[in-house]
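Since the structure comes first, as structure tokens, the remarks are kept for the end.
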Amino acid sequence: MKKSILPVEISNRTEKQTFGKEFLENLLKQHFGHSEFRGKQLEAIEAVLNGKDCFCLMPTGGGKSMCYQIPALAKPGIVLVVSPLIALMENQVKTLKERGICADFLSSTQLPHIKEKIHEDLNRGRPSTRLLYVTPELVATSGFKAKLTMLHKRGLLNLFAIDEAHCISTWGHDFRSSYRKLSSLRNHYSDVPILALTATAVPKVEKDVIQSLCLQQPLILRTSFNRPNIYYEVRYKDLLKDVYTDLSNLLKSLGGVCAIVYCLERSTCDVLSNHLLKAGISSAAYHAGLNSKLRTTVLDDWLSSRIQVVVATIAFGMGIDRKDVRFVCHMNIPKSMEGFYQESGRAGRDQLPSRSLLYYGLDDRKKMEFILRNAAGGKKSQASSSSDDLIKKSLADFSQMVEYCESPGCRRKKILQSFGEQVTTSFCQKSCDACKHPNLVSQRLEELGRIQNISRRGGPSPIFMSLSSTNLERHDSEFWNRDDEASLSDEDISASDDDVELQSGLSRSKLSSKVGLDEKIEILQRAEELYYRNGDTNKQKSGFSDKNAVSETLREMSKKRLLTSLEQACQRYVNLLLDPEVSASFLEMECFKRYGKVGKTFYNSQMAATIRWLSSATQEQISDRLIANSSLADNQSEPNLSRSSSSRLVDQEQMLPETTNEKTESTAQVQLSCQLLQPVKISKEKVELPPIPSFAEFAHKKRKETEGYLSSSKARTSGTLQNPVKKTRQQ
Ligand SMILES: Nc1ncnc2c1ncn2[C@@H]1O[C@H](COP(=O)(O)OP(=O)(O)OP(=O)(O)O)[C@@H](O)[C@H]1O
Ligand SMILES: [Mg+2]
């Protein structure tokens, strides 16, 4: 191990001489090769060198580490750096050692003889260690406390640097209960300055951090959160034909740049990474489901450019210092702006132009809302915070992300506003899609709004949505909120990640985990029936019967809802031969004939069931029902391919200039569908329609699909299955 070129010794320089700007700049140049300090670095360094507590809020990649690394070189003693992740500590220690600075970290992942060596060094009269990285859990143990007290008595504690300090706050997005135990540092070592560093502290969190660490009249330094070198963009999954293809095309068009793709679920990481590999993009998955050896290999390969793209859950990346990440993509909407800012902020730490892209999907939004409702309820909290408050807080945080995706206007402005910074739109200088292509973004949002209204009114039952989220996510979602205890080994911090939390959250959901899935479905089915029955009864009670008639407007709206579902089915099955408009009219008429006279409650219920069926039916089922069996209107002999779906593809291409491959593919598919589209044969015979599935049948089917999907994605991950190939209809 290279030793520091500045061994620990008591300097006889006066403070003024020692900590002058020139002296500090020399250290920066000599050890790190940078010519000048950035932003508020110098102020923070000077404050702590003068024994002052400091709260330092700097953007991601702003250079916070330097604020404690320079003091470690400028002043005798040891800087204790508290850090939440072993991967982060390893990374920093490695870089420092490469620069000849004596730094180390203590963790249970280290071999006993290495730990022993570090302790031996600390026991020496003049330890060579300048920076010692530890986890908050270790700081809370009595053994380590005794060590600290010994160092303090010998006058060797230079500074406590609390990195990622927002982890101390329950209001922060990365709350770690073990961080709260750091509050005893100020009392025990009153003359050692504390430096709290974070990139993501809204005013509430800032106050909480300062109070929790008991900082004494700290110098508060805030730098703008703006990351001018990052271009922000949102793409809408519901308007895209194939998100994975869109992403791989974009990555190809960016030309082999270093990238991170964040996914909510581990299985998605595996599947997407395989997809990228098949598309010729070097990538690997990284998540807590992999063993630590594999994770380290992936990290090393990515850090040393052997892998271009890491497809990861949020277990990847906090504080990882790879400067030239050019592209950060979110496959799912993050749960808060703080999380999004931090993750997207891993792009362009070298200040060069970089890109953030978020794929937003309406289903993802529903899923996340469901998760937050359930997970927040179980989060350990301060005594004063009820779980209701936490749920409200989580949902309010999430709504900022939804706003970021769903409302027009500058994305950068929305990010900065969420951190309390007010800027004008021109500030962005067209470095987000909303400023660069305002019309196209508005158009996309309008389309999304239409889909959303439709799904709100007639999409899958919200009760069902909750249930399906349960099934899909209980096994492999990852969140950052952990409730680690000091009793955990420090290894647990990076090794255990957090799949337990969601499960426990779910077990606290209204439907107890003891209730089996079938029973849950039954309960939900009864709830849905009751809902419709009560709705009807209530309306009748309140003299609603007149208004219960199915109006022409309602029928038109229903046709539109059906049309959208049919268009989506056509997008799903490119060879599905039907005319969406004719089919929508047919389905609506069929529903009206049955339920029109009974009233709109039953009509709506039936309509919802039909839309549900359309969202899950196979190509054959839809064909059988709408083409083979149906007797569509006589005058519809010239069925046309849905104009709106084809124009949607064109619009999407304008938004996505990079995806030229996608464009060619889409056009080819449209042409193919046109060729295959045959006039629908009209039959006047009475039609026997296949039954519309009940809620339970539908839910069972979905469950089977989910199970099938999970097992097939497992198989795909292990390389035993090819991507499913869409069936081609024989002419
Ligand atoms: N004064 C400086 N001049 C040039 N580069 C600098 C300067 N200070 C720091 N850097 C570089 O900026 C990069 C980011 O620094 P650092 O990791 O400390 O950021 P951070 O603020 O801790 O970010 P994060 O919030 O993501 O942890 C590093 O590569 C570092 O070497
Ligand atoms: Mg950092």
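Scope of the values below: all heavy atoms of this structure, side chains included, with no hydrogens, waters or symmetry mates. Read the numbers this way: they start at 1 and go in the same order the structure lists the ligands and their atoms.
- Within the 6.0 Å centre-distance limit, the rings of Trp302 and Phe316 are counted as a close aromatic pair.
- Checked by distance only, ligand 1 and Gly63 come closer than 3.5 Å through their nitrogen or oxygen atoms.
- Taking a cutoff of 4.0 Å between a charged side-chain nitrogen and a carboxylate oxygen, Asp53 and Arg186 qualify as a salt bridge.
- With a 4.0 Å heavy-atom cut-off, ligand 1 is reached by no atom of Arg346.
- Taking a cutoff of 4.0 Å between a charged side-chain nitrogen and a carboxylate oxygen, Lys335 and Asp397 do not qualify as a salt bridge.
- Here Glu233 does not pair with Lys436 in a salt bridge; the nearest charged N to carboxylate O distance is not below 4.0 Å.
- Comment: Arg306 engages Asp301 in a salt bridge, judged by a side-chain N to carboxylate O separation of less than 4.0 angstrom.
- Residue Arg38 touches ligand 1 through backbone and side chain together, judged by heavy-atom distances below 4.0 Å.
- Using a 4.0 Å cut-off between charged nitrogen and carboxylate oxygen, Lys414 and Glu403 do not count as a salt-bridge pair.
- For the pair Gly61 and ligand 1, the shortest N or O to N or O distance falls below 3.5 Å.
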side-chain hydrogen bond (donor to acceptor under 3.5 Å, both in side chains) for Ser83 and Asp163? Distances and angles first, verdict last. CA-CA 5 Å; Ser83 172; Asp163 209 0; 5.1 Å; no
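- The closest heavy-atom contact to atom 3 (N) of ligand 1, among the options Lys29, His34, Glu25, Gln92, comes from His34.
- Using a 30° and 60° split on the angle between ring planes, Tyr341 and Phe419 fall in the perpendicular class, above 60°.
- Heavy-atom proximity to Pro59, at under 4.0 Å, picks out these atoms of ligand 1: 21 (O).
- Within ligand 1, counting atoms from 1 as listed, the ones closer than 4.0 Å to a heavy atom of Phe37 are 1 (N).
- For Cys67, the closest heavy-atom approach to ligand 1 does not fall below 4.0 Å.
- Residues Arg326 and Asp324 are not paired through a salt bridge, judged by the lack of any N-O separation under 4.0 Å between the basic side chain and the carboxylate.
- With a heavy-atom cut-off of 4.0 Å, Gln41 touches ligand 1 through its side chain alone.
- Taking every heavy atom of Glu164 and a limit of under 4.0 angstrom, the matching atoms of ligand 1 come to 27 (O).
- For ligand 1, the polar-atom distance check against Lys64 finds a nitrogen or oxygen pair separated by under 3.5 Å.
- Note on Lys117 versus Asp121: no salt bridge recorded, every NZ/NE/NH1/NH2 to OD/OE distance being 4.0 Å or above.
- Contact atoms of ligand 1 toward Ser65: 16 (P), 17 (O), 18 (O), 22 (O) (distance under 4.0 Å to a heavy atom of the residue).
- Proximity of Ser35 to ligand 1, defined as any heavy-atom pair under 4.0 Å, is not found for any part of the residue.
- Taking any N or O of Met66, backbone or side chain, none lies under 3.5 Å from an N or O belonging to ligand 1.
- Counting the atoms of ligand 1 from 1 in the order shown, those under 4.0 Å from a heavy atom of Glu36 are 1 (N), 2 (C), 3 (N).
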